[in-house]
Amino acid sequence: MNDVLVYNVMIKAYGMAKLHEKALSLFKGMKNQGTWPDECTYNSLVQMLSGSDLVDEAQRVLSEMVDSGCKPGCKTFSSLIASYVRLGLLSEAVDVYEEMRKAGVKPNEVVYGSLINGFAESGMVEEAIQYFKTMEEDGVKSNQIVLTSLIKAYSKVGCLEEARRVYDRMKKDTEGGPDVAASNSMLSLCAELGMVSEAETIFNDLREKGTCDVITFATMMYLYKGMGMLDEAIEVAEEMRESGLLNDCVSFNQVMACYAADGQLRECCELFREMLVERKLSLDWGTFKTVFTLLKKGGVPREAVEQLQAAYNEGKPLATSAITATLFSAMGLYAYAMDSCKEITRDEIPLEHYAYNAVIYAYGASGEVDMALKTYMRMQEKGLKPDIVTQAYLVGVYGKAGMVEGVKRVHGWITFGELEANQSLFRAVRDAYVSANRRDLADVVKKEMSIAFEDGQEEEFSSISGEEEEEDDDDESEEDEAF
DNA sequence: GTAGGGTTAG
């Protein structure tokens with residue numbers, strides 16, 4: 001028969017290794033062996049199970065603990081309450097709180113903090129305030145965390161005045177004033193209500209203290225972007241970069257979105273490259289959402305973007321490489337585009353349309369006409385018929401190579417209805433004539449387009465880096481464009 | 001040689 005102490009140590013060890021099953025079976029085993037658990041065993045188990053949000057098991061052990069005449073500690077109740085709150089099970093949390101009071105254990109500021117925050121998060125402000133009052137009546141003194149939760153509660157229901165009052169109280173009552181979390185909470189309320197100057201005051205306070213964190217910057221960007229103040233949003237983005245706090249995927253997404261909204265496509269693409277290639281961050285849907293916007297704004301045909309989007313949504317293994325190949329090509333970063341192409345073609349396996357198209361586009365954009373045409377041939381050998389995207393890209397390759405006859409051939413197909421008239425294809429043909437120095441023929445296409453699609457229907461093109469560029473009348477060379 | 005607790009955005 002082992003000592004209780006030995007069991008307790010082993011249970012703790014299992015807990016630290018997250019082997020809860022083992023801990024529980026050891027708990028059962030010790031009782032069978034005739035070693036009765038003591039307070040420490042129970043406290044330890046409940047806290048460990050609560051910490052992993054295994055509330056049912058924790059609850060069972062807690063009940064057994066009380067039944068056997070042991071008195072759980074404040075931390076034990078507290079951990080279970082916190083666990084219920086994390087799971088959004090507020091009424092269960094309250095039950096434990098009541099049980100705790102009944103057992104004669106006085107709740108501390110952590111218990112109140114959990115409850116108040118839980119109610120604040122679910123927008124139950126009345127309840128949050130009620131517990132705050134009870135806490136004060138109970139002689140438990142509030143702290144930064146509780147007051148921050150209160151601000152959150154008021155924010156949830158848009159009570160600006162009350163939130164301000166709590167915030168001002170923190171300035172007086174707490175030493176050093178509100179901490180970053182509290183300020184951020186207030187900041188997000190300001191952002192929600194579009195209160196720029198009050199937000200800026202708080203932001204500047206944090207700057208002076210040097211305590212801005214990722215959330216501070218994110219909230220300020222969110223505010224400025226929402227108010228259409230893109231210059232200011234970008235300034236915050238720059239400041240965030242310089243401060244070394246731009247490190248995670250979501251923050252990158254947000255900063256990228258600011259640049260994209262401001263039309264700084266190339267800068268945005270650089271950030272994307274940094275997060276993907278240099279930092280090797282894993283990308284999420286938000287990243288790709290911005291990338292697809294970039295592609296469209298960068299002049300990639302709508303159908304091509306949709307095709308890449310579909311490949312991404314279907315989880316195609318080469319989707320990311322195809323997307324980056326297309327993006328880097330569209331933004332003029334050809335060396336990087338070539339790297340992506342190599343990823344796509346490395347395994348010599350037959351590809352799908354989206355992948356062949358991306359490779360054709362990338363080679364074409366980089367001026368590797370032979371490789372582009374070779375890829376097209378390979379695609380045909382594999383029995384894949386060119387789709388609308390392939391046609392648009394191919395015509396671009398012909399234009400770039402000065403193969404006017406090739407452009408004319410596709411142009412003819414459209415004119416005589418052998419290829420379905422489509423805006424992207426028209427545009428590709430027109431641009432191809434331009435890059436083959438046949439303005440005259442480009443103008444013909446332009447006229448045909450205005451007939452086919454009714455004048456003024458054409459979407460806008462934004463060019464790289466957000467520089468303004470008249471698309472139609474400018475006689476300057478457009479060689480630098482993708483096509 | 002014993003006892004995992006609460007705060008801030010998209």
Side-chain angles (χ1 to χ4, degrees), chain A residues 3-18 20 23 37-54 58 61 65 70-86 93 96 100 107-121 131 135 140 142-153 155 170 178-192 202 206 211-223 225-226 248-258 284-287 289-290:
Chain A
D3 201 42
V4 196
L5 211 59
V6 177
Y7 281 109
N8 288 351
V9 172
M10 285 177 78
I11 286 172
K12 157 139 197 202
Y14 281 135
M16 296 207 301
K18 299 257 169 258
H20 308 112
D38 63 4
E39 281 197 357
C40 182
T41 321
Y42 285 117
N43 281 327
S44 182
L45 259 178
V46 175
Q47 289 180 34
M48 161 190 132
L49 296 167
S50 302
S52 302
D53 287 341
L54 298 166
V61 177
M65 179 178 191
C70 288
K71 188 177 168 184
C74 178
K75 283 187 180 179
T76 300
F77 284 114
S78 170
S79 64
L80 185 53
I81 290 171
S83 181
Y84 276 128
V85 168
R86 277 196 298 273
V96 179
M100 173 177 195
N108 64 4
E109 75 280 6
V110 178
V111 172
Y112 285 113
S114 290
L115 289 170
I116 291 167
N117 187 55
F119 284 117
E121 220 148 59
Y131 279 100
M135 180 183 84
V140 176
S142 67
N143 58 17
Q144 296 258 19
I145 294 171
V146 171
L147 293 177
T148 301
S149 293
L150 257 194
I151 293 177
K152 181 154 85 174
S155 298
M170 288 179 94
D179 61 6
V180 223
S183 294
N184 286 342
S185 217
M186 199 61 207
L187 214 46
S188 79
L189 177 57
C190 292
E192 221 54 65
I202 297 171
L206 290 173
T211 54
C212 291
D213 64 7
V214 257
I215 297 168
T216 314
F217 288 122
T219 310
M220 287 308 291
M221 276 189 276
Y222 173 75
L223 166 66
K225 190 157 165 282
D248 62 299
C249 172
V250 261
S251 297
F252 264 99
N253 292 349
Q254 199 183 10
V255 170
M256 278 171 59
C258 287
D284 67 5
W285 190 78
T287 320
K289 198 171 162 242
T290 303

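The structure presented is a predicted model; accordingly, all values stated were derived computationally and were not measured.
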Nucleotide of dG6(B), dG5(B), dG10(B) approaching Asn108(A) most closely (side-chain heavy atoms): dG5(B)

Interatomic spacing from NE2 in His20(A) to CG in Leu45(A) - rounded to 0.5 Å: 10.0 Å

Ser78(A), nearest nucleotide to its side chain (from dT7(B), dA3(B), dG5(B)): dG5(B)

Nearest to side-chain heavy atoms of Ala82(A), which nucleotide of dA9(B), dG10(B), dG6(B): dG6(B)

Residues that Asp53(A) engages under salt bridge (charged side-chain N to carboxylate O under 4.0 Å, His left out), provided they are two or more places apart: Arg86(A)

N or O in side chain of Tyr222(A) less than 4.0 angstrom from dG10(B) OP1/OP2: yes

Closest listed nucleotide, where the reference is the side chain of Asn143(A) and the choices are dG1(B), dG5(B), dG6(B): dG6(B)

Nucleotide of dG1(B), dG10(B), dG6(B) approaching Val250(A) most closely (side-chain heavy atoms): dG10(B)

Under 4.0 angstrom between Asn117(A) side-chain N/O and dG6(B) OP1 or OP2: no

Interatomic distance where CD belongs to Glu109(A) and P belongs to dT7(B) [whole Å]: 13 Å

Sugar-phosphate, base or nothing in reach of Ser251(A), heavy atoms under 4.0 Å: base

Gap between atoms CZ and P, on Phe77(A) and dA3(B) respectively (whole Å): 19 Å

Main-chain N/O of Asp284(A) paired to Thr287(A) side chain as donor or acceptor, under 3.5 Å: yes

Gap between atoms CZ and P, on Phe252(A) and dG10(B) respectively (whole Å): 20 Å

Salt bridge (charged side-chain N to carboxylate O under 4.0 Å, His left out) involving Glu121(A) - partner list, sequence neighbours excluded: Lys152(A)

Separation of atom CE in Met16(A) from atom C1' in dG1(B), rounded to whole Å: 13 Å

Atom-pair distance (CG on Asn253(A); C1' on dA9(B)), nearest Å: 13 Å

Out of dT7(B), dA3(B), dG6(B), whichever nucleotide has its closest atom nearest the side chain of Asp179(A): dT7(B)

Sugar-phosphate, base or nothing in reach of Glu39(A), heavy atoms under 4.0 Å: nothing

Residue-phosphate contact under 4.0 Å: Arg86(A) side-chain N/O, dG6(B) OP1/OP2: yes

Separation of atom CE in Met220(A) from atom P in dG10(B), rounded to whole Å: 14 Å

Out of dA9(B), dG1(B), dG6(B), whichever nucleotide has its closest atom nearest the side chain of Val6(A): dG1(B)

Interatomic distance, Ile116(A) CD1 vs dG6(B) C1' [rounded to whole Å]: 10 Å

Spacing of CG belonging to Asp38(A) relative to CG belonging to Asn43(A), to within rounding of 0.5 Å: 9.0 Å

Shortest side-chain distance from Ile215(A), nucleotide among dA9(B), dG5(B), dT7(B): dA9(B)

Lys225(A) NZ to dA9(B) P, straight-line distance once rounded to whole Å: 17 Å

Nucleotide nearest Gln47(A) (side chain, heavy atoms from C-beta), chosen from dT7(B), dA3(B), dG6(B): dA3(B)

Polar side-chain atom of Gln144(A) near backbone of Pro178(A) as donor-acceptor pair, under 3.5 Å: no

Touch class at under 4.0 angstrom, heavy-atom based, for Gly15(A) against every strand present: base

Shortest side-chain distance from Ala181(A), nucleotide among dA9(B), dG5(B), dT7(B): dT7(B)

